[in-house]
There are 2 protein chains.
Amino acid sequence: MTRTIAQQAELALLLEVATTPKPGNVDRHRDHDDLRFEHFLAGAVGASEGLEDLADPDGPPIGTAFERAVEGMNGQSGGNTQFGGLLLLAPLVRAAALGKVTPERATAVAEGTGVEDAAGFYRAFEHVDVAVADPPDDMDALDVRRGSDAVPDIRERNLSLFDILARSADHDGIAREWTNGFARTFDAAERLVNRDGPLLDRAAAVFLDLLAAEPDTFVAINHGAETAEDVRERAEAARDGDTDPETLAEELLAEGINPGTTADILAGGLFVALERGTEV
Amino acid sequence: MTRTIAQQAELALLLEVATTPKPGNVDRHRDHDDLRFEHFLAGAVGASEGLEDLADPDGPPIGTAFERAVEGMNGQSGGNTQFGGLLLLAPLVRAAALGKVTPERATAVAEGTGVEDAAGFYRAFEHVDVAVADPPDDMDALDVRRGSDAVPDIRERNLSLFDILARSADHDGIAREWTNGFARTFDAAERLVNRDGPLLDRAAAVFLDLLAAEPDTFVAINHGAETAEDVRERAEAARDGDTDPETLAEELLAEGINPGTTADILAGGLFVALERGTEV
């Protein structure tokens with residue numbers, strides 16, 4: 001008995017939220033005031049039908065399946081739990097359904113998206129509040145906060161989901177994964193596979209590796225680039241053993257700083273690691 | 001967007017394991033040496049296809065669907081995670097698929113099982129090691145540890161799954177639920193619905209209520225009736241505020257005492273509460 005691809009993706013979301021410490025994020029031992037662990041459990045379960053559409057090689061466009069996953073994810077009262085994680089998983093899951101999940105195949109899926117995928121992506125914003133950056137001045141028409149109101153403009157310009165995300169790659173870490181061969185996701189998977197010990201402990205170490213390596217773009221959007229760089233440096237100190245990761249987790253929780261993009265990349269890495277045979 | 005019945009059942013299993021403190025059991029804050037939190041996450045996800053069969057009113061016999069759920073649950077390295085929980089959920093999920101989940105409808109499903117359900121139940125023991133009591137002397141042929149070897153004897157005697165479980169109702173708390181109108185399960189659901197606060201906190205309180213009310217039969221099977229009664233009394237003291245539930249959780253973990261049947265009943269109660277509209 002092996003898990004289906006959709007089950008692997010759902011499990012990756014569950015393992016991600018259970019990973020502790022994961023400084024600044026909801027984890028097995030920490031809740032935010034209004035966003036709690038159980039909201040993530042319900043979010044992952046609710047996303048499962050959208051994940052099944054993604055895992056169907058003959059399924060709907062991945063943007064359409066992504067919208068379904070987000071809609072299902074939102075069947076809990078906590079708000080946005082796994083929007084970014086699902087956006088990263090979308091091309092990875094479809095790639096796994098088409099063959100072994102590799103950077104090349106995931107990139108081909110990402111580059112193969114069309115205007116229907118873009119429309120699904122915009123509609124997904126209707127289901128849940130997501131913190132996003134302001135669009136450049138000349139791109140107000142493409143502001144994701146317009147939701148489905150933007151779809152006619154998307155269609156007129158015939159933009160694919162890949163096109164849309166490419167325009168955000170400089171300030172959004174998930175968009176960057178889509179456009180740079182999912183480099184950090186596959187690097188995280190490699191690290192997860194190569195470490196020893198219980199999977200959740202490995203995942204905690206990899207989260208710290210990721211957060212120490214690059215400023216989290218979700219922190220940058222919410223608190224500015226300077227804070228994001230400060231968090232990166234503190235993660236580096238924790239990774240290097242100069243400070244205790246548990247202390248950093250308490251600090252970031254108290255400061256209300258949530259490196260959510262890094263958690264999303266961990267979820268993607270967990271999915272790839274599971275697909276490569278990592279046992280739970 | 002609402003969750004499907006199968007998703008509600010899977011979520012109930014996830015909420016159960018996340019509930020803390022849940023003295024003696026794996027919970028959000030505690031692992032056993034070889035049975036860890038992530039094994040329960042993978043168990044719940046792996047069970048989902050069997051749960052979908054249970055949630056299909058025209059699906060296979062519930063014993064067959066139960067076997068599929070157990071097989072899927074076992075796709076992790078921790079061993080038995082949710083065998084009892086799935087055995088309790090089986091008639092509840094099918095009842096929900098046939099109409100509103102009530103004691104009457106769940107009992108009708110239980111009493112309506114046949115020899116095929118019994119065969120599936122026995123085959124399920126092939127997938128995972130489950131701690132069970134010795135059968136009475138005259139019932140060696142029906143020892144569940146024989147797995148599918150017992151199926152010809154089951155068929156010859158034309159025993160239903162309900163018949164089989166009725167013979168264990170005196171020493172197995174899940175079998176007792178099947179044969180007494182799922183009394184404790186629906187009582188737990190009622191308590192979950194009526195309490196205030198975050199759902200996992202309500203679930204922790206209800207777990208203590210359940211453990212204080214009756215000796216856990218899984219503890220009795222593994223450690224004897226005296227220990228089970230001792231645990232019940234200690235749970236009563238914790239419920240009444242005379243001792244700290246967190247302390248009891250640490251003690252039972254150290255003593256290797258695992259009131260697993262009580263956790264299974266909580267999972268059933270969570271499913272019923274979710275089906276009655278409890279929000280996450």
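Reminder, nothing fancy here: chain letters follow the sequence lines and each chain counts from 1.
For the set Gln8(B), Gln76(B), Glu10(B), the count of heavy-atom pairs under 4.5 angstrom toward chain A peaks at Glu10(B).
Note: Phe37(A) and Phe37(B) have tilted aromatic rings, judged against thresholds of 30 and 60 degrees for the angle between ring planes.
Heavy atoms from other residues, nucleotides or ligands lying under 6.0 Å from CG of Asn194(A) number more than 12. Counting non-hydrogen atoms of neighbouring residues, nucleotides and ligands closer than 6.0 angstrom, the CG atom of Asp129(B) reaches no more than 12 such neighbours.
Counting heavy atoms from C-beta outward, Glu49(B) and Thr4(A) have side chains that approach closer than 4.5 Å.
Of the two parts of Arg28(A), the backbone and the side chain both hold a non-hydrogen atom closer than 4.5 Å to a non-hydrogen atom of chain B. Within the 4.5 angstrom heavy-atom criterion, atoms from both the backbone and the side chain of Asp31(A) approach chain B.
Residues Leu14(A) and Leu41(B) share a closest heavy-atom pair of O-CD1, 3.7 Å. Taking each heavy atom of Gln7(B) and Gly46(A) in turn, the nearest pair found is NE2-O, 4.0 Å.
Annotation: the span from Glu279(B) atom CD to Glu38(A) atom CD amounts to 12.0 Å, rounded to 0.5 Å.
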